[in-house]
Amino acid sequence: MNQVIVKPGREKSLKRRHPWVFSGAIAKVAGNPDAGETVEVRASDGAFLATAAYSPHSQIRARVWAWTADEIDARFFTRRIEDAAAARAALGITDATDAFRIVHGESDGLPGVIADRYGETAVMQILSAGAERWRDAIADALCGLPGVERVWERSDADVRELEGLKPRSGLTRGAPLARAPEIHEHGLAFKVEVDVGHKTGFYLDQRDNRLLLRRLARDKDVLDCFCYTGGFAINALKGGARSVLAVDSSALALEAAQANAARNGLQGAQWLEADVFQSLRRLRDQGKTFDLVVLDPPKFAPTAAHAERAARAYKDINLLAFKMLRPGGFLMTYSCSGGIEPGLFQKIVAGAALDAGTEARIEAWLHAAPDHPVALNFPEGQYLKGLLCRAAGSV
Ligand code: SAH
């Protein structure tokens with residue numbers, strides 16, 4: 001088999017079971033592996049380290065499939081995908097929702113593979129050369145899971161470019177969709193546009209945090225910034241909010257959000273198509289205040305290289321939100337940027353409160369729902385972090 005031999009000392013991260021081999025760590029590639037082909041990773045003294053997929057175009061030159069000399073074949077993918085699906089069922093996730101992540105990349109031992117389930121439809125995202133090579137095996141394994149009727153592909157994320165892969169999307173297994181799937185999450189229905197929606201269609205990672213918001217919302221004036229198809233705002237309505245103002249810059253997302261609210265018979269939200277940075281300033285200038293503010297922005301810093309500019313953007317919106325928070329009010333604030341670590345995010349939010357002149361404390365650390373596990377050897381898997389802050393004083 002082709003081999004990737006790492007430089008002396010560069011076996012350390014692999015021994016800690018971090019599943020990426022960066023190009024700079026490689027001393028030699030023995031043989032001539034094709035994109036995505038299986039290679040053995042060996043230390044400079046020849047010791048076996050891992051079985052991996054070769055990515056000739058990426059800085060992440062190899063991604064580990066297994067820490068043993070496993071044969072990588074279709075059965076390997078079936079096994080891993082069945083294990084991942086069983087883990088979700090064991091956690092009871094399927095009791096609360098019919099939409100959940102089945103495969104979460106490296107943390108499920110499948111680098112470059114994301115799969116989400118929306119009712120009978122599985123949506124797969126193939127993000128690395130290795131996963132691309134096994135695309136058919138992955139689609140077959142997903143289609144073989146109980147209850148899955150079709151597999152839709154959404155391999156159109158920008159990161160594919162880094163792997164030298166072209167975007168691809170569409171139906172790959174099963175019968176065409178008659179209409180966009182309707183999912184049911186903690187008793188609320190949402191339509192999910194698997195063909196054009198963000199990510200694979202829905203922000204599944206926020207499921208439990210949306211429920212938390214619902215519990216906090218009774219009789220509150222709520223501001224939901226970056227509302228997308230209404231996940232938080234509709235939960236606020238369901239929880240008995242007095243008013244809900246939801247802001248997003250995407251007209252399509254807002255249209256879907258309104259339809260979702262109607263689908264659940266929940267009226268009364270105000271949907272505002274605007275840039276959040278501008279509308280927060282406008283609301284502040286109008287002297288508006290809220291009991292509950294949600295900030296769930298897009299990824300400002302995909303990698304650490306963007307951290308500084310992203311930090312300024314996070315500080316800006318959090319500062320404005322704190323300024324409009326009534327005494328005793330809650331700010332639920334998130335970062336899904338891989339380049340911003342949890343400790344740094346807390347510092348940014350603390351700095352924003354200080355500059356806003358708001359005394360606040362952290363009531364809870366928030367994370368992605370448990371169908372997005374984080375392998376202990378892969379801290380990068382914990383991309384979503386959130387804080388529930390409460391301003392001092394009583395409502
Ligand atoms: N909270 C949502 C997910 C938010 S995703 C949920 O639980 O479903 C981020 C959203 O921010 C997207 O809908 C995108 O359209 C929107 N967005 C990105 N930049 C924006 C900006 N500057 N102003 C307003 N909305 C923005």
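Note that ligands are numbered from 1 as they come in the structure, with each ligand's atoms numbered from 1 the same way.
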query: Does the side chain of Ser58 pick up a donor-acceptor pair with the side chain of Glu163 at under 3.5 Å?
result: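 Glu163 and Ser58 do have a side-chain donor-acceptor pair below 3.5 Å.
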- prompt: Side chains of Arg326 and Thr289: is there a donor and an acceptor less than 3.5 Å apart?
  reply: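 There is such a pair between these side chains.
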Any protein N or O within less than 3.5 Å of an N or O in ligand 1? List each pair with its distance, or say none.
{"from": "ligand 1", "atom 1": "1 (N)", "to": "Phe226", "atom 2": "O", "distance (Å)": "3.4"}
{"from": "ligand 1", "atom 1": "1 (N)", "to": "Asp296", "atom 2": "OD2", "distance (Å)": "2.7"}
{"from": "ligand 1", "atom 1": "7 (O)", "to": "Arg210", "atom 2": "NH1", "distance (Å)": "2.9"}
{"from": "ligand 1", "atom 1": "13 (O)", "to": "Asp248", "atom 2": "OD1", "distance (Å)": "3.3"}
{"from": "ligand 1", "atom 1": "13 (O)", "to": "Asp248", "atom 2": "OD2", "distance (Å)": "2.7"}
{"from": "ligand 1", "atom 1": "15 (O)", "to": "Asp248", "atom 2": "OD1", "distance (Å)": "2.7"}
{"from": "ligand 1", "atom 1": "22 (N)", "to": "Asp275", "atom 2": "OD1", "distance (Å)": "2.8"}
{"from": "ligand 1", "atom 1": "23 (N)", "to": "Val276", "atom 2": "N", "distance (Å)": "2.9"}
{"from": "ligand 1", "atom 1": "25 (N)", "to": "Ser249", "atom 2": "N", "distance (Å)": "3.0"}
{"from": "ligand 1", "atom 1": "25 (N)", "to": "Ser249", "atom 2": "OG", "distance (Å)": "3.2"}

task: Applying salt bridge (charged side-chain N to carboxylate O under 4.0 Å, His left out), name anything that partners Glu273, two or more places apart in sequence or on another chain.
output: none
- prompt: Which pairs with one or both residues in residues 31-52 pass ring pair (Phe, Tyr, Trp, His ring centres under 6.0 Å), sequence neighbours excluded?
  reply: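 Matches after skipping sequence neighbours: none remain.
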field: Test ring-ring contact (aromatic ring centres under 6.0 Å, His included) applied to His186 - qualifying residues, sequence neighbours left out
entry: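 Partners of His186 by the ring-ring contact (aromatic ring centres under 6.0 Å, His included) criterion come out as none, since no residue qualifies.
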From CA spacing to verdict: salt bridge (charged side-chain N to carboxylate O under 4.0 Å, His left out), Lys315, Asp355: CA-CA 10 Å; Lys315 174 138 183 215; Asp355 289 4; 2.7 Å; yes
